[in-house]
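Reading through the structure tokens given below for one structure.
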Amino acid sequence: MFDVEVFKKHLQIDEASCIKKLAEGKTKEIYEIKDTNDFVLIRSKNQLTAFNAARKNDLEGKGAIACRTTTNVFLYLQALGLHTHFETGVSETDFVAKRCEMIPIEWVVRRVATGSFLKRNPGVPQGYRFNNLKLETFFKDDENDDPQWSDEQIISREFVVNGLKIGREEIFLLKRQTKTIFQVLEKAWSLSDCQLIDMKVEFGVTTKGEIVLADVIDNDSWRVWPGGDKRLQLDKQMYRDMTEVTAESLQELVKNYEKVAELTGDWIRFPKCRALIIMGSTADTAFCEKIEKNLTSLGVMKCVRVCSAHKATTEVLHLVAEYEGDGVPTVVIAVAGRSNGLGPVIAGNSFLPVINAPPGGPEWISQDIWSSLHTPSGLGCTTALGADEAALAGAKILASHDHMVFGRILCDQLNNFLSIYKGDKKFTS
Ligand SMILES: Nc1ncnc2c1ncn2[C@@H]1O[C@H](COP(=O)(O)OP(=O)(O)O)[C@@H](O)[C@H]1O
Ligand SMILES: [Mg+2]
């Protein structure tokens, strides 16, 4: 972990002796930080460029807005469990990140065909929708206008980045990661009825050899159309589309950039949906605690109650009705050992989705399970074996109500995939 307080004190004393410029691009400066090789300071500039810097403008405050948007986006992605280079914000324009050697590829993902895709693929109409996201890769090479590269071209270049060779598997993994990032940002944008059209990201390899999302994701990285209407675009494309750059048009642009910084600031939210865990007896407390733990890591609120369908039937129905009617999207997880009357009774008397989670030990489980599986008609409850599976099944039902639950599920799936990759790497390198 980077000690931000110590660093801030250094900055106040003498910025010049604390940081040394390592690199400068069109929109950012990268600084080395004294006494550490593992972190860099990334400073957003006020410059706005288009057409490979043929159009250039200095916009007061643009650096701070860009940094705010990037910080919002990275904090959101990290809250979902995604590995990024972002460490901490340190000032309006600066953040500290893990020092990376960058993979010189831009990873582009598209939901809707527009812009350069249409030029490269004549005949495809504007607005063509990629239900299965379209991924493209471009070699970062300003002199040649960032040419599009195939997987084979990337593999053949044999990039070695901080000791890691970028081969077929790494490309596959990075594309999968890019796709997940798009999906979770798309979901977040849908909160304010904006459509994420496309996006580009870059990855780097840290000094510890880990591949992470790096660089920035800000309003220059994507196309965002409120209500799916291109004319309302909020992003940098507006700058590219200006026939003439005037003080007024730039003012309009800054307003959009500010709006994006504001909207992305709302993405991290408290859980909005809930799992109601009902156990038939306190004997199942330990099992319910495991379900709770899994729900917490998926970002789902939970409520635990004890009630028996066999011994306190009317109370069960009253209890469920209370939760049914308070407006919070809810899924019921019914934990009952032996004969499970609880889940099926609730399922037959409520519109809430019910997941049976029989806690059963090995002794009678193969007999007990049938009370959850072979139910009377008209109930529609499902059954999950194991606390983690029950929690995940519940979270998946709730994901459409809460973008952060949706995001956590996708990022968990990505991280499962990454750990398989890491396991395989141990045997192949
Ligand atoms: N965590 C990091 N460590 C080191 N370099 C980074 C990191 N994140 C981004 N960079 C690099 O910082 C440079 C400056 O960014 P930018 O102004 O966007 O440059 P460019 O004009 O080349 O796109 C880029 O080359 C980018 O790859
Ligand atoms: Mg860049």
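Index from 1, following the sequence. Computation of the quantities below employed the complete heavy-atom set of this structure, encompassing side-chain atoms and omitting hydrogens, waters and symmetry-equivalent molecules. Each ligand, and each atom within it, is numbered from 1 in the order the structure gives. Predicted, not measured: the structure shown is a model, and the values here were computed from it.
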Worksheet item: In chain order, what residues pass the ring pair (Phe, Tyr, Trp, His ring centres under 6.0 Å) check against F95, with sequence neighbours excluded?
Response: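 Scan of F95 (ring pair (Phe, Tyr, Trp, His ring centres under 6.0 Å), adjacent residues dropped) gives H85, F86.
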Among protein heavy atoms, which sits nearest to [atom], and what does the distance come to when rounded to 0.1 Å?
atom: atom 24 (C) of ligand 1; answer: D215 OD1, 4.2 Å
atom: atom 23 (O) of ligand 1; answer: K140 NZ, 3.1 Å
atom: atom 13 (C) of ligand 1; answer: I30 CG1, 3.9 Å
atom: atom 27 (O) of ligand 1; answer: M102 CG, 3.3 Å

Discussion item. Regarding ligand 1, does V40 bring an N or O atom to under 3.5 Å of one of the ligand's N or O atoms?
Written reply: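 Min N/O separation from ligand 1 is not below 3.5 Å for V40.
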Item to complete: Using a strict cut-off of 4.0 Å, indicate which atoms of ligand 1 neighbour a heavy atom of E202.
Response: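 Heavy-atom distances to E202 below 4.0 Å select 27 (O).
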Worksheet item: Which of the atoms in ligand 1, numbered in the order shown and given with their element, are less than 4.0 Å from a heavy-atom of T27?
Response: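 Checking each atom against T27, I get 16 (P), 17 (O), 18 (O).
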Worksheet item: Are any of the side-chain nitrogens in K28 or D215 under 4.0 Å away from the carboxylate oxygens of its partner?
Response: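 Here K28 pairs with D215 in a salt bridge, since their nearest N and O are under 4.0 Å apart.
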Worksheet item: Hey, are E258 and K255 close enough for a salt bridge, meaning a charged N less than 4.0 Å from a carboxylate O?
Response: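 No, E258 and K255 are not salt-bridged.
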Discussion item. Parallel, tilted or perpendicular, judged at 30° and 60°: which one describes the rings of F117 and F130?
Written reply: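 The arrangement is perpendicular - the two ring planes meet at more than 60°.
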Looking only at heavy atoms, is any part of [X] under 4.0 Å from ligand 1, and if so is it the side chain, the backbone, or both, or is it neither?
X: D142; result: neither
X: H85; result: side chain
X: K26; result: both

Item to complete: Please find out if less than 6.0 Å separates the ring center of Y76 from that of F74.
Response: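 No - the distance between ring centres of Y76 and F74 does not fall below the 6.0 Å cut-off.
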Worksheet item: Counting only N and O atoms by type, is there a donor-acceptor contact under 3.5 Å from the side chain of Q47 to the main-chain atoms of K26?
Response: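 Pair found, side chain donor or acceptor close to backbone of K26.
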Practice prompt. State if E24 counts as touching ligand 1 under the rule of any non-hydrogen atom under 4.0 Å.
Written response: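 E24: no contact with ligand 1 (<4.0 Å).
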Worksheet entry | Heavy-atom check, side chain of I217 versus side chain of L185, under 4.5 Å |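 Sidechains of L185 and I217: in contact.
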Fill in: Residues in salt bridge (charged side-chain N to carboxylate O under 4.0 Å, His left out) contact with E29, at least two apart in sequence or another chain
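Salt bridge (charged side-chain N to carboxylate O under 4.0 Å, His left out) list for E29, sorted by chain: K21.
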